[in-house]
Number of protein chains: 6
Amino acid sequence: MHVNADDFFKAAELDKPRNTKDSKLPGLNTLGISLARIDYAPLGENPPHTHPRATEILTVLEGTLYVGFVTSNPNNTLFAKILHKGDVFVFPEGLIHFQFNPVHDKPAVALAALSSQNPGVITIANAVFGSKPPISDDILAKAFQVEKGTIDWLQAQFWESNHY
Amino acid sequence: MHVNADDFFKAAELDKPRNTKDSKLPGLNTLGISLARIDYAPLGENPPHTHPRATEILTVLEGTLYVGFVTSNPNNTLFAKILHKGDVFVFPEGLIHFQFNPVHDKPAVALAALSSQNPGVITIANAVFGSKPPISDDILAKAFQVEKGTIDWLQAQFWESNHY
Amino acid sequence: MHVNADDFFKAAELDKPRNTKDSKLPGLNTLGISLARIDYAPLGENPPHTHPRATEILTVLEGTLYVGFVTSNPNNTLFAKILHKGDVFVFPEGLIHFQFNPVHDKPAVALAALSSQNPGVITIANAVFGSKPPISDDILAKAFQVEKGTIDWLQAQFWESNHY
Amino acid sequence: MHVNADDFFKAAELDKPRNTKDSKLPGLNTLGISLARIDYAPLGENPPHTHPRATEILTVLEGTLYVGFVTSNPNNTLFAKILHKGDVFVFPEGLIHFQFNPVHDKPAVALAALSSQNPGVITIANAVFGSKPPISDDILAKAFQVEKGTIDWLQAQFWESNHY
Amino acid sequence: MHVNADDFFKAAELDKPRNTKDSKLPGLNTLGISLARIDYAPLGENPPHTHPRATEILTVLEGTLYVGFVTSNPNNTLFAKILHKGDVFVFPEGLIHFQFNPVHDKPAVALAALSSQNPGVITIANAVFGSKPPISDDILAKAFQVEKGTIDWLQAQFWESNHY
Amino acid sequence: MHVNADDFFKAAELDKPRNTKDSKLPGLNTLGISLARIDYAPLGENPPHTHPRATEILTVLEGTLYVGFVTSNPNNTLFAKILHKGDVFVFPEGLIHFQFNPVHDKPAVALAALSSQNPGVITIANAVFGSKPPISDDILAKAFQVEKGTIDWLQAQFWESNHY
């Protein structure tokens, strides 16, 4: 096998505009670690999600981020914080968490290190309201304590977004 | 230490009416396993939730259950099934899943075996819309692709249910 | 890969006569879990055995079972219990255990969940007295504190049962 | 804590007569390893047993040993070998194994290294026929395919040996 | 226990002068992760060392670093790279590695994430030439293929540095 | 697969002259263990090295050995001991350790058992002063607190030994 130093390396390229939302690092697949660069547009966000098989360490490389996670039952406490360049935050394995760029005129960039080479991602809104086929609105109406009409409306957003 | 056979045993007591929703088994705390009996009222449900640190095996002891889980990104496929007495279903670690008793006049009883002595439970609706303090409605409106008013309405349900 | 809900599902089929002694569940081979349905004839048993790589959780689906396990040296304490429908019992990893249907006119059915996809089974009598080639009767006579003639008799039972 | 080189050291003392059967090494309890010296009288044995939580590496320091293990179901194959001074043999985790000194006029000494600091030992004969309380002779007669009288005789050996 | 968001947070404080060489993050001791900020003076270095129980992910927060690690026998290949702000490099568990600030007039700052809450650090020069008591110069002269006088000279450097 | 008892066996062959320095045991590659016989010439040594992924148990089969390891920062304490035939010593995972035969007219033989099937070996002198390409002498001079000329001399030894 041809291995070189670049297999252990991820360039930041902070000076280049980016369209892709995140980019996985190749070459770490036997080390039990994943790395991803995440770019946030002004007022952009990485919506509430979980990694079923990894703890995440996030380092802010540029800009400002408002981040948080919610603890499991029964407390469901939100731990949240404003982060600046160079700050670091940890999201424990399996908990629901998010990042949000609260600045309206500057992008942000962060590096996420995950404690598994196969961490998985579950975006909560998409899994609950956008699954294929959809979860019965009877079940979701009871779970979210609202009318079925509200659930149908929420599911319709994901249906549409999947069809345009 | 005084240990006896009852430390490895869980009586079903299927003939007794139950008020409690589930009951943990004592005595398994060094074996990497948890057990819980779950009682479902007619049309009752165990709403969408995850266990951040365990795979779950569910066995139906009485009645009928409609169960399912949703896979992680990017597919978010729903795998669902109707289960009868004695049937078994597996929910992989960290994935969002639910159980629902679709029968309007009979309760159901199931046994859940979890592959950790500390599996954790995150009820999705409560963690996302009922956290203390609440997650900003800016973040949730964008995540769920709806107006902030809809998010405020969803959050209000949990606020009220926590205060009555 | 084509995966569907049936890969996570095991039908009980409690209403069907069964000849096979147990049946493994397909589709769990990346989840660290095995499931097996075990059918017991009246006065039938699952003789003393160990799983070298798994803890077992047994749930009685139909009938009655007398179950037990023996702790390791130096105590060799027997923990045993009568189980009825819906009852659950745990056998810790690597310990010798058994199940026996003490009812002379009714079968029993149980579900065994094992904490490994490759738990292994060692039936004690077969491994000790029925190995191929046989263990020297000098060694076994000393171990079991009996005459070599008794050992030869025990070994002969397995020799014969392997040749009819 | 006062730690010194002797906490990582086990003297062989091959020139000293030994009464004790084996002696655990202190000081390894955070390294996931156990060591035991085993002394075998002429024609002495370490009877069939398992370690529920460890693989074992045996090195012969003095004398000759006949050793073996039996594989799990369905084959129950005996793998056995004569070992001389300096020879090494491996017993896989959880399998039934034994060592026997086949020489009538010389002792043997071996070193057993186990891949756990808490490997456990189950001596098969003692666990099956000498448990307290005893396993029902109905169950054992069926398992060993012999008359209950034979089982009672086997159990009596252990009963007596536990009371003198 | 009183836990808050700061237990999961590490401020960069990139604008503040630092004297301490690195600073561990509190509050991660159940997550299997350690974090350390490392400050490098102009032409300063983190000399060749290993972490016996962790892989390391290094992110450059400010300045420039020349980093590398050497593979195990038989190849002993050096993988090295110049890193700039935002760049990331991975040092596999147990391998000898270093970081060096090659710029003579600017400090550098990096964040090290380690895959264990107790990774350990072995600085090679100190362990080999500065141990207490010293390793015999017979052994080291042969290992490093030099005269004992050279070894004595190397050991003297560490002796002196430990006594001023 | 054809497996037999020899796959679990390593002959000592203490009566045969050996040229090879150590010999790995085949057949253990699924058991999480490695074994190696090590032969030491009179005044020969196994120079300071680490195993990045294993704890080692060393048993002296013939002769005498002076062995030791150095703890991690900040203490760098040397734990060392003279071992005779049958003695055992443990080297914890990732720590720098060595063995030396202090007898000028007799060889020694030892058995090393390692707690991984892929333990890795890093010979310190070779990795630090003999890597390909070499580590910058600026970095090593600072690390070892000596002139660059001393480092160049040390590196030259390995350069030459790799070219004759």
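Chain naming here is simple, since letters A, B, ... match the order of the sequence lines and numbering starts at 1 in each.
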Taken in chain and number order and not counting sequence neighbours, the residues that satisfy side chain to side chain contact (heavy atoms under 4.5 Å, CB included) with A/A141 are A/K148, A/I151
Please examine the side chains of A/P133 and B/L78, heavy atoms only from C-beta on, and report whether any two atoms are closer than 4.5 Å.
yes
Quiz item: Is there a side-chain contact between A/I122 and B/L95, using heavy atoms and a 4.5 Å cut-off?
Solution: yes
* To do: Please confirm whether the backbone N or O of A/L43 pairs with a side-chain atom of B/K142, one donor and one acceptor, at under 3.5 Å?
  => yes
Looking only at heavy atoms, the pair that brings B/A125 and A/A143 closest together is CB-O, 3.4 Å
Just by modelled atom types, is the A/T123 backbone N or O under 3.5 Å from a matching donor or acceptor in the B/N73 side chain?
yes
Comparing A/V70, A/T71, A/V128 against chain B, the one with the most heavy-atom pairs below 4.5 Å turns out to be A/V70
A/K132 and B/T77, any side-chain heavy atoms less than 4.5 Å apart: no
In terms of heavy-atom pairs under 4.5 Å with chain B, the winner among A/S136, A/A127, A/G120 is A/A127
Quiz item: Under 3.5 Å, is there a donor-acceptor pair between the A/N76 and B/S131 side chains?
Solution: no
Honestly, the part of B/F144 sitting under 4.5 Å from a heavy atom of chain A is both
For A/L140 and B/P48 the tightest heavy-atom approach is CD2-CG, 3.9 Å
Bottom line for B/F79: the part with an atom under 4.5 Å from chain A's heavy atoms is neither
So CG of B/D138 and OH of A/Y66: to nearest 0.5 Å the spacing works out to 10.5 Å
Output for pair (A/N118 CG, B/S72 OG), nearest 0.5 Å, gives 8.0 Å
Practice item. Taking the side chain as every heavy atom from C-beta outward, state whether B/V146 and A/Q157 have any pair of such atoms under 4.5 Å apart. Key: yes
Are A/I96 and B/I124 close enough that some pair of their side-chain heavy atoms sits under 4.5 Å apart? yes
Cut-off 4.5 Å, heavy atoms of chain A, and the answer for B/P74 is backbone
Taken to the nearest 0.5 Å, the spacing of A/F100 CZ from B/I139 CD1 works out to 5.5 Å
